[in-house]
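Heads up: the structure comes next, in structure tokens.
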Amino acid sequence: MTFYGKIILFVYHYRILFNVVIVAVILNTTGDIMKLEAALKNLVSPRFSKVLIPWLFKNPRYLANASVLLRAFRQCESTRQQLLSNENLLVPPVMILSITNNCNLQCQGCFVEKLKGEQMTLSDWQKIINQAKQLGVFAFLIAGGEPFLMKDLLDLIASNKDRVFAIFTNGTCINNEQLQFLKKTSNLAIVLSLEGDERLTNQRRGEKVYKKVLTTLKNLSKQGVLSGISITVTKDNYEYWMVDNNIDYFIELGAKLCFFIEYIGAEEDGKSLTTDQRQLFRKKILEYKDEKPIFIIHSPGDEEPFGGCVSAGRGFIHVNALGDLTPCPITNVSTHNMRYSTLKEGLKSRLFREIRDNKLLEDGKGPCSLISHRDELEQIVRKVRTI
């Protein structure tokens with residue numbers, strides 16, 4: 001099953017990185033490096049700041065675009081507040097775009113549903129992004145399938161420099177031309193999926209995939225592209241990631257971000273962590289957050305401050321490859337398609353309101369609240385579709 005529905009956490013934490021960039025811009029104009037270092041230490045852990053500060057000055061394009069992002073960020077927050085106040089319209093700060101259903105790999109246990117129908121074009125996606133920007137959406141997380149199979153994917157990034165993007169990729173399809181483009185971007189992060197070491201990764205993703213991912217990570221780091229790794233945490237690999245040397249290895253390769261997303265699936269498949277394993281893993285992750293020079297996101301552990309899952313418009317919304325507007329990538333239920341409806345109409349849908357009002361996003365017993373409340377969700381879907 002997918003972990004993409006949980007990566008809204010990245011954007012909330014990305015705001016810290018965003019603030020880091022803004023502080024760097026302001027203080028760098030005065031030339032006061034001591035003040036800069038002190039300010040950054042208040043925003044991130046000391047160990048991570050020691051890595052981030054030199055990296056920012058080595059890649060000044062991120063600083064140069066900070067003022068553009070800052071203005072857009074403030075305008076987005078103002079727009080969302082006005083829509084909520086004036087129209088009772090809840091607009092999330094983030095959209096997840098499953099931009100294609102196509103993939104060059106055949107990973108074991110792939111969550112992507114084999115949707116039937118005509119997939120959205122790049123032009124279709126730009127129209128959705130335009131609508132989202134008008135409503136105050138600030139960040140777009142691009143998923144798949146494999147996003148880099150979409151022709152001219154990076155044109156979306158080039159056309160929307162006032163928004164933040166993150167592309168989640170298997171890391172095997174980025175060619176040299178795309179790499180040259182990426183080294184010029186200042187509003188994008190690339191996150192590479194893997195399972196652990198060579199055995200764990202290739203066992204699920206295919207022969208030689210691990211080496212390709214490592215090569216991509218090294219190339220991105222060499223070009224100064226903000227990049228990191230994402231891991232679906234299962235019974236098979238959670239112990240691997242509790243060994244300090246293993247995460248240290250990827251830090252040395254240049255990873256600045258790391259997403260630990262607990263596996264979402266049926267209990268009977270034997271992949272999900274037990275309660276004891278989750279608690280043990282969470283304890284180790286909190287140690288890493290304090291000690292490691294890398295920015296770590298852990299789901300569902302990091303969701304607690306948000307009062308549960310933030311899908312269905314609470315924090316993000318999802319559009320699949322056919323244009324269906326869904327609560328998240330896991331729950332592929334929809335009453336609006338972006339080819340025939342506006343985003344505003346979709347956000348006002350009874351489906352999302354019922355999910356939020358019935359508190360299906362709270363009190364989940366596993367890594368996914370909606371799966372924990374599967375029966376209640378099915379009742380809501382039947383209800384709204386008969387009205």
Side-chain angles (χ1 to χ4, degrees), residues 4-22 43 65-98 125-143 156-157 159-166 187-189 297 299 302-319 323-329 334-336 338 341-357 359-362 369-370:
Y4 289 121
K6 299 294 183 179
I7 56 180
I8 176 64
L9 294 167
F10 165 70
V11 177
Y12 281 105
H13 288 279
Y14 191 98
R15 294 168 76 172
I16 298 178
L17 287 174
F18 180 65
N19 288 336
V20 167
V21 174
I22 299 305
L43 292 170
N65 195 45
S67 59
V68 174
L69 292 176
L70 177 60
R71 286 194 299 270
F73 179 77
R74 289 174 173 170
Q75 181 59 52
C76 284
E77 291 209 324
S78 175
T79 298
R80 293 198 305 273
Q81 289 172 3
Q82 290 177 15
L83 287 170
L84 182 61
S85 175
N86 298 337
E87 302 183 35
N88 195 31
L89 175 63
L90 182 63
V91 178
V94 179
M95 286 189 71
I96 301 175
L97 310 178
S98 291
W125 289 113
Q126 183 59 68
K127 290 177 182 177
I128 292 174
I129 291 173
N130 289 342
Q131 291 183 54
K133 289 171 67 172
Q134 291 176 1
L135 296 177
V137 177
F138 179 68
F140 298 88
L141 309 184
I142 297 180
L156 291 178
I157 313 301
S159 301
N160 299 280
K161 294 181 179 179
D162 59 343
R163 292 298 186 270
V164 168
F165 288 82
N187 62 332
L188 173 66
I297 310 299
S299 175
D302 288 345
E303 287 185 335
E304 293 179 5
F306 307 117
C309 180
V310 288
S311 65
R314 287 185 70 201
F316 72 86
I317 211 72
H318 169 251
V319 182
D324 297 324
L325 187 67
T326 75
C328 69
S334 175
T335 56
H336 288 73
M338 293 299 92
S341 303
T342 67
L343 178 58
K344 192 172 186 178
E345 291 170 343
L347 289 173
K348 289 182 176 181
S349 75
R350 187 181 179 93
L351 173 64
F352 298 142
R353 187 170 67 253
E354 291 277 355
I355 289 174
R356 296 193 297 264
D357 291 348
K359 301 187 183 303
L360 300 196
L361 306 177
E362 304 173 17
S369 296
L370 285 177

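The figures that follow rest on heavy atoms only: side chains count, while hydrogens, waters and symmetry mates do not. These figures come from a predicted structure and were not determined experimentally.
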Verdict with reasoning, Leu347 to Leu90, per side-chain contact (heavy atoms from CB on, under 4.5 Å)
CA-CA 7 Å; Leu347 289 173; Leu90 182 63; over 6 Å; no

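- Nearest heavy-atom pair across Ser98 and Trp125 is O-CZ2, 3.5 Å.
- Counting heavy atoms from C-beta outward, Met95 and Leu97 have side chains that approach closer than 4.5 Å.
- Side-chain contact between Leu89 and Leu84 is absent, with no heavy atoms from C-beta onward closer than 4.5 Å.
- Looking at Pro329 and Ile96, their side chains come closer than 4.5 Å, going by heavy atoms from C-beta outward.
- Two residues are said to be in side-chain contact when any heavy atoms from C-beta on lie closer than 4.5 Å; Val319 and Asp324 fail this criterion.
- Between the side chains of Asn65 and Lys161, no donor-acceptor pair of N or O atoms lies under 3.5 Å.
- Contact record, Cys76 with Gly136: CB-O, 3.3 Å, taken as the closest heavy-atom pair.
- Residues passing the side chain to side chain contact (heavy atoms under 4.5 Å, CB included) test with Ser349 are Thr335, His336, Leu351, Phe352, sequence neighbours excluded.
- The shortest distance between side-chain heavy atoms of Ile317 and Leu325 falls below 4.5 Å.
- Scanning all heavy atoms of the two residues, the minimum distance from Pro93 to Gly315 falls at CD-O, 3.1 Å.
- Among residues at least two apart or in separate chains, side chain to side chain donor-acceptor pair (under 3.5 Å) pairs with a member in residues 87-96 are Glu87-Lys344.
- Summarising the geometry of Met338 relative to Ile128, their closest heavy-atom pair is CB-CD1, 3.6 Å, with the distance given to 0.1 Å.
- Summarising the geometry, atom CZ belonging to Arg350 is positioned 9.5 Å from atom CG belonging to Asp357; distances are rounded to the nearest 0.5 Å.
- Salt bridge status for Arg71 with Asp162: absent, with no side-chain N to carboxylate O gap under 4.0 Å.
- At least one side-chain heavy atom of Thr342 sits under 4.5 Å from a side-chain heavy atom of Gln131.
- A donor-acceptor contact closer than 3.5 angstrom is absent between the side chains of Ser85 and Gln81.
- Here Phe140 contributes atom CZ and Ile157 contributes atom CD1; the two are 10.0 Å apart, rounded to the nearest 0.5 Å.
- Listed by chain and number, the residues in a side chain to side chain contact (heavy atoms under 4.5 Å, CB included) with Ser159 are Gln126 (sequence neighbours excluded).
- Once rounded to the nearest 0.5 Å, the distance linking CG of Asn160 with CD1 of Ile129 reads 5.0 Å.
- For the atom pair CZ of Arg80 and CD of Gln75, the computed distance is 10.5 Å after rounding to the nearest 0.5 Å.
- Considering every non-hydrogen atom in both Phe316 and Pro327, the closest pair reads CE1-O, 3.5 Å.
- Heavy-atom minimum distance, Arg163 versus Val137: NE-O, 2.8 Å.
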